[in-house]
2 protein chains.
Amino acid sequence: MTDRTTLADVAAAAGVSVSTASLAFSGAGPISAATKERVLAAATELGYAGPSALGRSLRSGRSGIVGVVIGDQLRRSFRDPVSVRVLDGLAGSLGPRGLGVLLVPATGDEDDENDPLVATAPLDAAVLLFGARRSSPILGALQHRGIPVVLGEGPTGLGLPVVGVADRQGTRLLAEHLRDLGHERIAVVTLPLGGARRCAPVDPTRLAEIDCPPAEHRLDGLRDAGIEPVAVVEAAASLVEAGTDAGRVLLDVADPPTAVMTQSDLLAAGVIIAARELGLRVPEDVSVAGFDGLDLPWLAPDVLTSVSQPFAAKGQAVAEMVTAILAGEQPADVELPVELRLGTTTGPPPAA
Amino acid sequence: MTDRTTLADVAAAAGVSVSTASLAFSGAGPISAATKERVLAAATELGYAGPSALGRSLRSGRSGIVGVVIGDQLRRSFRDPVSVRVLDGLAGSLGPRGLGVLLVPATGDEDDENDPLVATAPLDAAVLLFGARRSSPILGALQHRGIPVVLGEGPTGLGLPVVGVADRQGTRLLAEHLRDLGHERIAVVTLPLGGARRCAPVDPTRLAEIDCPPAEHRLDGLRDAGIEPVAVVEAAASLVEAGTDAGRVLLDVADPPTAVMTQSDLLAAGVIIAARELGLRVPEDVSVAGFDGLDLPWLAPDVLTSVSQPFAAKGQAVAEMVTAILAGEQPADVELPVELRLGTTTGPPPAA
DNA sequence: CTGAAAGCGCTAACAT
DNA sequence: ATGTTAGCGCTTTCAG
């Protein structure tokens, strides 16, 4: 294959100037139907597939690419149905606006600052969907490059626009529901709180270190409902297995809680599995509730009691924010509403 | 924010020429430590974050971006753990080579030819990971733009390099396993065969329309083992729910098969759920096997009998192929090995 | 070791 | 309606 054919070649072949040829493609400007046709014909002839993105980019200063930074491994983000749904909404809303999504895996290393992608990819904007720690080397690198950043998660006060969901209120609603059912011994399984991943009871020291806004907000919601959990365990990840681990810790004791609230649906599913392993019926012996509102078909015939968050809307909100920023506006933070979803996994506590 | 600082600004501030400044950043070329330092200092001073990707791209003719086309909705691809794992492997291998992954959702419409992303994104190469139909409008558009394409799935003979897995052999191994266990009435649940999505028995007419290489190869493998399935049902998607639907069709009959082979693990999980619903024990009453070799923690304590395919290796192989092509080579097709994984969901057929 | 100059492919004023 | 002329920000010969 020889060198790519360029607009100049086409122009020459059509016997017009480059700028005229340009107009034939962009359509932005006055051009006679005849010449346009001629140029297009010449293009087809030469196998020219339209203006090069690179040239256009340089000229316009825009690449049409939005970087989406996803916590450490892609694997981990993609195993989380929540990220996937939001990402889907984001890509779906960005596409029609002519913007594409570039995956930027955050290695998690300290040298993210020098990550080749973060450092050199031609990004118009970047989105930190999840796992946006308050101080991330990536964030620093992006800001240093002058790339506008939108956060898809809670840490406000960084001067960056944020799209969040009503974590706090949702948790409060759920907690009140359990309280109204008569539960007094409620345990909690949190998302990873930041730093090293582990499955362990959370003590005040650990609580002070939290660097995971959703986890924090959801704990706050609990307090809003006036509930003091009898135990709090941090999960190693938002995965079924991690939920099972946490569930064992909470339930395999002399005097187990009558209800377990988890900070994600996958964790809740894991807790349910742990409960069954231990011979506990859900919800007769122990109620289990999640957060997210996922469809978990393999839980059938059960339906998990949970707090539904609007995935697609979140992606869309982020997309709108990005568009606004690129248009030079300064969008205000958004908080999306959640909804309590009552399923079959919560009920009154055992008479005992 | 004023106009971005450019290399020229930095050069001016450092009192050197642009070309020298360029050298200070690229390191490719002779430059005195002193000048280099001076330039870098000036850069920091001005808040210059290194050469702009756009300029570099135009100059080098490379954007460092690989488009990954994912079947219709992101959602669907991302709900499929297989895609996700492969994508993870791909991104992981591409990253260190300085290449990023741009998600290109195929709308599935006929006008994909004019999809803004496909048409204008600055791609160095593209990968069709899954759902590469033999004639895709996207494929045409990409080739027309002169963008090299790598296929992550079977349709050979398009003149495009392909990374495949040993679908056929894997299925044969699995089928032989079931035959050796004594099964004679084996049913099959296939992946969507292309075209409209439906859950329905597959007749010869439909068989002739297949446009889904993995499904086709896996059916071939069955034949290689000399097995004639008693029934074949096409699933509407590779999802648990779809498997449950298909399972009901196959098992809720007077004389159900003694074993069900599905073309994906999620489908197998769905069939298991359907079986349980119908009061059939697995594997005592019916054996169920999948394909993929996923971890399905919520199936615990069962382990699905399946054919493990090497996800990460596949992504890596695709990455290598892309790299080779960008280096001007013409890589040969790759077929990755699979492995039979015996779990607890298959056993001898009921005595009957 | 450093500077000057010529583009990469395209678009947008401006002039014709 | 079309052509001319400058660049966008950078890299890279090629001289000095």
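Numbers restart at 1 for each chain; the letters A, B, ... are given by sequence-line order, proteins then strands.
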query = To the nearest angstrom, how far is K36(B) atom NZ from dC1(C) atom P?
reply = 12 Å

inquiry  = Quick check on the helix from dC1(C)-dG16(D) to dT16(C)-dA1(D): what's the angle between its two end axes, five base pairs per end, to the nearest 10°?
reply    = 40°

query = With a 4.0 Å cut-off on heavy atoms, is S57(A) in touch with a base, just the backbone sugar-phosphate, or nothing at all?
reply = nothing

ask   = If you find the nucleotide of DNA chain C closest to T20(B) and the one closest to V18(A), which residue's nucleotide is nearer the 5' end?
value = T20(B)

request  = Could you tell me whether S26(A) contacts a base, only the sugar-phosphate backbone, or nothing, with contacts defined as non-hydrogen atoms closer than 4.0 Å?
outcome  = nothing

request  = Among the candidates dT2(C), dG9(C), dG7(C), find the nucleotide nearest to the side-chain atoms of T6(A).
outcome  = dG9(C)

query = Base, sugar-phosphate, or nothing for S19(A), non-hydrogen atoms under 4.0 angstrom?
reply = base

task = Give a yes/no on whether any side-chain N or O of S22(A) is located under 4.0 angstrom from OP1 or OP2 of dA12(C).
result = no

ask   = Under 4.0 Å between a side-chain N/O of S60(A) and OP1 or OP2 of dC10(C), yes or no?
value = no

Contact list for DNA chain C against residues 39-56 of chain A - heavy-atom distance below 4.0 Å = Y48(A), P51(A), S52(A), G55(A), R56(A)

ask   = Side chains of E320(B) and V334(B): closer than 4.5 Å at any heavy-atom pair?
value = no

note = Nt span of DNA chain D in reach of chain A heavy atoms at under 4.0 Å, 5' end first, is dA1(D) to dG9(D)

